[in-house]
Protein chains: 2
Amino acid sequence: MSTTTGVHAMVRRTHEGRVLSALRAFGALSRAELAERVGLSRTTLSEITATLVKRGAVVVVDTDAALRRGSGRPAERLALDPAAGQFLGVDFGHRRVQVAVADASHEIIASGVERYDDGTGWTDRIAAALGLVDRLAREHGLHFGALQAVGIGVPGPYTRAGAGGAHITWKQHTAPDGVDAAFAERFGSPVMVDNNTRLAALAEAVSRPEPLSDLVYVRLSDGVGGGLVVAGRLVTGARGFAGELGHVTADPAGAECRCGKRGCLETVASVPAILTACRARGAGTDSLDDLAAAVAKHDPVVDAVLRDAGSALGRVLGAAAMALDPDEVVVGGEIVHVAPVVVEQAAATLRYEMYAIPAAEPIRVRAGRLRDSDGALGALTATFHESPLLAGYPETTAEEEPQRSAP
Amino acid sequence: MSTTTGVHAMVRRTHEGRVLSALRAFGALSRAELAERVGLSRTTLSEITATLVKRGAVVVVDTDAALRRGSGRPAERLALDPAAGQFLGVDFGHRRVQVAVADASHEIIASGVERYDDGTGWTDRIAAALGLVDRLAREHGLHFGALQAVGIGVPGPYTRAGAGGAHITWKQHTAPDGVDAAFAERFGSPVMVDNNTRLAALAEAVSRPEPLSDLVYVRLSDGVGGGLVVAGRLVTGARGFAGELGHVTADPAGAECRCGKRGCLETVASVPAILTACRARGAGTDSLDDLAAAVAKHDPVVDAVLRDAGSALGRVLGAAAMALDPDEVVVGGEIVHVAPVVVEQAAATLRYEMYAIPAAEPIRVRAGRLRDSDGALGALTATFHESPLLAGYPETTAEEEPQRSAP
């Protein structure tokens, strides 16, 4: 963004963001009212609103004739177009893609899911996602001319360095090459791609009245992944791997992990690991539903397995929490709703692990609020943060500052 | 800083910072040259330079008579006063305080140490520190009229929230109440106080040509502490305890720790723990010097103890590194120079712990560059970052932006 073009584009986007924010806050406004609220000249504002109207972000709703007493031509009043999808969140899983569309108020106005086989290639996954977006647009009468940003979650690590984000191949997980380009080309909007577990951490951090500035998040699923929020920012790490709590050693003498180590957290606390451990002790747990049934009847064998998994989780989370001293630790994944004892045991173990820290304000450990069906919410949340609506964020305002001599 | 006064003071400090930066970069400049370089009006600049001359930060060195061809009165040229201490770093240990003074170029122009008993109260420690500053000023002919900031390191956790930073009592460690006030009153400069291990992490992160943006730091000393740099920022955590790696469990069935848990890293990798473990196996290791002698003769018993400590350290650092994916892991403390095998073993164990991450760019593990005698360097580094010289930093520039309507 050091080029003049980059700065100009950024300034324009920021101005647009302010106009949209003002319309979101005040409903309908005339151009004169808008110019005053956002602190822009009439000329600049006219250019901005013309673009926004052309893109369909903003519509002319009426004139202010009914409101004014003086003479003169009544002024048009502008408002947000309720049919304009402004933020798009896409979550690619191993067997399905979820899409959610939000309007300028960050309200979800459409969402859906499209399934595919585990072995489906990325070209077909991307096509499935774009087809789903088209279907949602048709069904809900939406358009994307005003789209501000696309957020995309993918399974496995993904770096955010550079414009498109270089991808990393990580054992079984492969982040798709070109997924960002496909969406950027289709929508002409900024696209951000990240690990979907990391995006879920972001969504959990902001899913409360006061967003958390420090959060440790772990998700128990087919594998175990995690994400960290430190000082109000999502952490990527030096090479894009931050938050991979599933491969912290929980038991040095434990079972071999798919990563090649022994006793990783994933070998005791992933959903398949838990189901397998229950079966090894004679329980008929082939699925999460079976596990739910066993938990419902207080099966002691299953309870013991879940507590072991919770303890291992608590040890790993305890180490992370001693390092990071977060406000909150969140355990996500469908299993925490099926088997709350995992979170209870993790919380107890974590309290022991953090005994060195004064207990005046003990750390909160809770189950995640997001369900598996909320997959696209993390990606959507990321677009809210990436969008020019957050013009007050340092990285954006830095671009609009007037040139000055280097200090 | 939401008051008008706060903003004005910040703007003034920022302008001063730019003037000082320009003089540092260009040597001596006339007021007209300065005004141009820093992008300020002649009037504003005159006020700023008058204040800086009055405070002794800047001196009139000559006129530009020799340089100019045209007519008119020769203009005075201003330069930094080489006798002006601009940054003060203070490091309180359990048995000594270290002080370092830097000039506007961040060069250390004076440093010293003052010893006291372990039981000395904080009033006396502060008096010892201020007396040491006076002595250094006398011996080096320095003055502190231009002091920009004071950085203070204390043993144990210390939060940075609020203007002065609320203090936290932490088992045996007590961060002194009022240490910041004592220095602020004496020097009239901003004072920042933090855990000295965390400040050492900062100093290690910036002690290289290209500062690291992600670092895990641990220090082996009487206890074991640590500090984290994430995305270029020092991490404090939600309650000020971030980086306390010494109390991560390294051995769940290990010895009882002073914190009340079992098998904390500190129970196997602190200097006293290592010396005790060596003695328990018959080695005559009463001090680090004894340990150095044993290492020099390749004592296999001592080597085994050091490797055990290194393994425990590697496991704890491995868990932190899996969570944070840092550029580098640094192990500090005098013992790493006495017994490099600790760091070698920690590096080997950490490489195993991080086996899940592709090894294309394996994580660097190294001994700390700072020696125990460099204590005040961390606190000094913090003042460089806290100072208005870093006007480009988001938190400072945000204050100087012109008022505009809320988006």
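Chain letters run A, B, ... following the sequence lines, proteins first and then strands; every chain starts at 1. The figures here come from the full heavy-atom set of this structure, side chains too, leaving out hydrogens, waters and symmetry mates.
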Checklist line | Over all atoms of both residues, closest heavy-atom pair of A/Val248 and B/Ala319 | finding: CG1-CB, 3.7 Å
Next item on the list: Specify the closest pair of heavy atoms between A/Met354 and B/Arg239, including all atoms of both residues, with the distance to one decimal.
Entry: CE-NH2, 4.0 Å
Notebook entry, point to check: Where is the tightest heavy-atom contact between A/Thr236 and B/Asp325, given as atom of each residue plus distance?
Noted result: O-OD2, 4.1 Å
Check: Taking only residues two or more places apart in sequence, or in another chain, which ones meet B/Asp327 in a salt bridge (Lys or Arg N to Asp or Glu O under 4.0 Å)?
Finding: none
Next item on the list: Please report the closest heavy-atom contact between B/Ala238 and A/Pro326, naming both atoms and the distance.
Entry: CB-C, 3.7 Å
Next item on the list: Go through the structure and list residues passing salt bridge (Lys or Arg N to Asp or Glu O under 4.0 Å) with B/Arg351, not counting sequence neighbours.
Entry: none
Item checked: chain B contact via A/Leu324 - which portion, at a heavy-atom distance below 4.5 Å -> both
Checklist line | Contacting moiety of B/Thr249, where chain A heavy atoms sit under 4.5 Å | finding: both
Checklist line | Nearest heavy atoms of B/Lys261 and A/Glu353, plus distance in Å | finding: NZ-O, 2.7 Å
Next item on the list: Heavy atoms only, distances under 4.5 angstrom: which of B/Arg315, B/Arg262, B/Glu328 has the most pairs with chain A? Name it, please.
Entry: B/Arg262
Item checked: Taking every non-hydrogen atom, the tightest pair across B/Ala323 and A/Leu228 -> O-CD1, 3.2 Å
